[in-house]
J.: 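Have a look at this one.
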Amino acid sequence: MAEVKEFTLPDLGEGLTEAEVVRWLVEVGEVVAVDQPVVEVETAKAMVEVPCPYGGVVTARYGAEGEELAVGAPLLTVAVGADASALAGGAEGSGSGGADGVVAEADGTGAAEDGGAGETSGAVLVGYGTGAPPARRRRVRPAPAAAAAGQVNGVASGHGRHAVTPEVPVRAEAAEPAPGPVPVISPLVRRLARQNGVELRTLTGSGPDGLILRADVERAIGAATAPAASAEPSAGAAPAPAADAGEVRIPLRGLRGVVADKMSRSRREIPEATCWVDVDATELLAARRAMNAAGGPDAPRISLLALLARICTAALARYPELNARVDTEAREIVRLERVHIGFAAQTDRGLVVPVVRDAHARSAESLSEELGRLTGAARDGSLTPGELTGSTFTLNNYGVFGVDGSTPIINHPEAAMLGVGRIVPKPWVHEGELAVRQVTQLSLTFDHRVCDGGAAGGFLRYVADCVEQPAVLLRGV
């Protein structure tokens, strides 16, 4: 007897309560293996492929592409057990479009055996165990439209677990074939259509191979609202307020929503203060050129951000008050032994803060390599939740935007953030004479609960001294 198991959206990382369905990787009626990725979701922190802890036949999916699901909400149901192969056989043997059903089975074993009673998930998912490694998968032709409606081989698509009884026929009742997939890739386009009541199946896409673009949906919205706008109001009806044609409303959801919540909480809870200083970075730039020249053409290049991160770790060793957080419930300051440096990175998805773990134990070369890796992952959206959480101090190089200074908001629950402005040639008094030097501004925003201005000023002055005279850093090496 097959048993239908429900797989819910697991906890994908610290502080995450929801995720958006970007792309389904399996169809209803398809046979899946244990730990096979079944859906790609986008959280506020990263794009994640979610593996299924059960092996068997997919009987129902929940959530359309572009829809947000809460942690703990059903993702899909899977029929596992001895009768799961019969369910798969029913999907293969359906009379509609039988020539299209292609089965690729590995090693001559039924994929439904992946859901045997003795096998559990090998993926680390909150609420699901770990166990055997994933088995190989096979694909079968999706079930008819009745399956997509939530009733596959007599299995209801409601929440919870349901057993498949012998009296229920293996094959679904004859039904019209399900319509083909809508040619839309972007979940943003799907959301725009859903919010404005546009049926995507009625549109003809203007993109490659009929792909429906955002412009197509916006044209449909304009065509639908134009007649209503031109219609005369009835004599007894009050005139509706005129809508601002240039008004655009953007929901505070996903990454933007998390950033808004975190920044609001930071400003609400942390009594922050900012101090800053102009510094001559000429010698630091010269030291970086010398380090890269000494490494040879094939050696990894040392980035300026890596040198600044290395200086920060040395400064935090001198002023550990700033590598801390405040436990508001216990009314305690928690000083942290390990330094995990976060750095602000602007991406197409918005601002993210990847984390270099154990930065205090890394050399400048190791920091440069890790910063480069995380920056690349941030740009292509492949950062994991673990690479975006747990920072203890943040380094923000806003100089890349061509600005000199800023008063940044602390990355809650950290106690401080160092900002670095652009490095530009300016007149500067050097060794008693006026000269053109490479000058930048450093700003430190700190939580006034963890320390007073003396510690914050001492930290910033030490960082400035290391920038102006890199040899100061060598004293602690």
Side-chain angles (χ1 to χ4, degrees), residues 250 252 255-256 258-260 262-264 266-267 270-289 301-312 315-316 322 341-356 359 367-368 371-372 374-376 378-379 388 391 393-412 414-430 435-448 453 456-457 459-468 470:
I250 302 173
L252 281 175
L255 178 60
R256 189 74 261 162
V258 169
V259 170
K262 196 165 189 178
M263 296 299 99
S264 297
S266 178
R267 273 291 165 89
I270 299 177
E272 60 189 26
T274 302
C275 52
W276 58 89
V277 63
D278 292 336
V279 297
D280 178 4
T282 306
E283 297 301 328
L284 182 66
L285 296 177
R288 175 175 174 259
R289 287 194 297 269
R301 313 299 288 176
I302 305 298
S303 68
L304 181 62
L305 190 63
L307 291 179
L308 292 170
R310 182 64 186 87
I311 292 172
C312 285
L316 289 171
L322 296 172
I341 288 188
F343 64 99
Q346 194 70 38
T347 70
D348 293 339
R349 297 179 59 234
L351 179 68
V352 295
V353 184
V355 181
V356 178
L367 285 168
S368 188
L371 286 166
L374 291 171
T375 299
R379 288 173 179 166
L388 288 163
S391 58
F393 183 90
T394 295
L395 181 60
N396 186 1
N397 180 20
Y398 43 74
V400 297
F401 302 117
V403 298
D404 295 325
S406 172
T407 55
I409 300 175
I410 293 175
N411 186 21
H412 185 278
E414 297 171 16
M417 175 187 293
L418 180 71
V420 184
R422 61 175 180 161
I423 301 177
V424 292
K426 288 184 179 181
W428 191 267
V429 176
H430 176 64
V436 176
R437 306 287 285 181
Q438 300 296 321
V439 178
T440 186
Q441 185 180 93
L442 304 177
S443 61
L444 177 72
T445 299
F446 65 98
D447 185 342
H448 224 312
F459 174 94
L460 185 59
R461 188 64 254 172
Y462 179 78
V463 171
D465 290 343
C466 290
V467 170
E468 292 187 334

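Just so we're clear, the structure is a prediction, and the values are computed from it rather than from any experiment.
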J.: Considering all heavy atoms of both residues, which atom of Tyr398 and which atom of Ser443 are nearest to each other, and what is their separation?
T.: OH-OG, 2.7 Å
J.: What distance separates Leu371 CG from Leu305 CG, expressed to the nearest 0.5 Å?
T.: 5.0 Å
J.: Side chains of Val352 and Gln346: does their closest heavy-atom pair fall under 4.5 Å?
T.: no
J.: Does any non-hydrogen side-chain atom of Leu316 lie less than 4.5 Å from one of Phe393?
T.: yes
J.: If you measure from NE2 on His412 to NZ on Lys262, what distance do you get to the nearest 0.5 Å?
T.: 8.5 Å
J.: Would you check if Val403 and Arg422 make a side-chain contact, meaning some heavy-atom pair closer than 4.5 Å?
T.: no
J.: Is the side chain of Ser368 donor-acceptor paired with the backbone N or O of Ser303 at a distance under 3.5 Å, no angle test?
T.: yes
J.: Please report the shortest heavy-atom distance between Gly342 and Ser391, naming the atom on each side.
T.: N-CB, 3.8 Å
J.: Using a 3.5 Å distance criterion without hydrogens, assess whether the side chain of Thr445 forms a donor-acceptor pair with backbone atoms of Ile410.
T.: no
J.: I want to check something: taking the side chain as every heavy atom from C-beta on, are Phe343 and Thr375 in contact at a cut-off of under 4.5 Å?
T.: yes
J.: Could you give the distance from CD (Glu414) to CD1 (Ile270), rounded to the nearest 0.5 Å?
T.: 8.5 Å
J.: If the test is side-chain contact (heavy atoms from CB on, under 4.5 Å), which one of Thr440, Leu418, Ile341, Leu395 qualifies with Leu308?
T.: Leu395
J.: Determine whether Arg288 and Leu307 make a side-chain contact, defined as any pair of heavy atoms from C-beta on separated by less than 4.5 Å.
T.: yes
J.: Stepwise, does the side-chain contact (heavy atoms from CB on, under 4.5 Å) test hold for Val356 with Leu374?
T.: CA-CA 8 Å; Val356 178; Leu374 291 171; 3.8 Å; yes
J.: Using side-chain heavy atoms (C-beta onward) and a distance below 4.5 Å, is Leu284 in contact with Glu468?
T.: no
J.: Rounded to the nearest 0.5 Å, what separation is found between the CD atom of Gln438 and the CD1 atom of Ile423?
T.: 7.5 Å
J.: Do you know which two heavy atoms are closest between Ala416 and Leu322, and how far apart they sit?
T.: CB-CD2, 4.0 Å
J.: How far does OG1 of Thr274 sit from CD of Glu272, to the nearest 0.5 angstrom?
T.: 6.0 Å
J.: If you take all heavy atoms of His448 and Gly453, which pair is closest and at what distance?
T.: CE1-N, 4.0 Å
J.: Let me know which of Thr282, Val439, Val436 forms a side-chain contact (heavy atoms from CB on, under 4.5 Å) with Pro425.
T.: Val436
J.: Got a sec: does the CH2 of Trp276 have more than 12 other heavy atoms crowding it under 6.0 Å?
T.: no
J.: Evaluate the side-chain proximity of Gln441 to Val277: yes if any heavy-atom separation is below 4.5 Å, no if none is.
T.: no
J.: Less than 4.5 Å apart, side chain to side chain, heavy atoms only: is that true for Tyr462 and Cys312?
T.: no
J.: Using every non-hydrogen atom in the two residues, find where Thr347 and Ala378 come nearest and quote the distance to one decimal.
T.: CG2-O, 3.4 Å
J.: Please report the interatomic distance CD1(Ile409) to CE(Met263), rounded to the nearest 0.5 Å.
T.: 6.0 Å
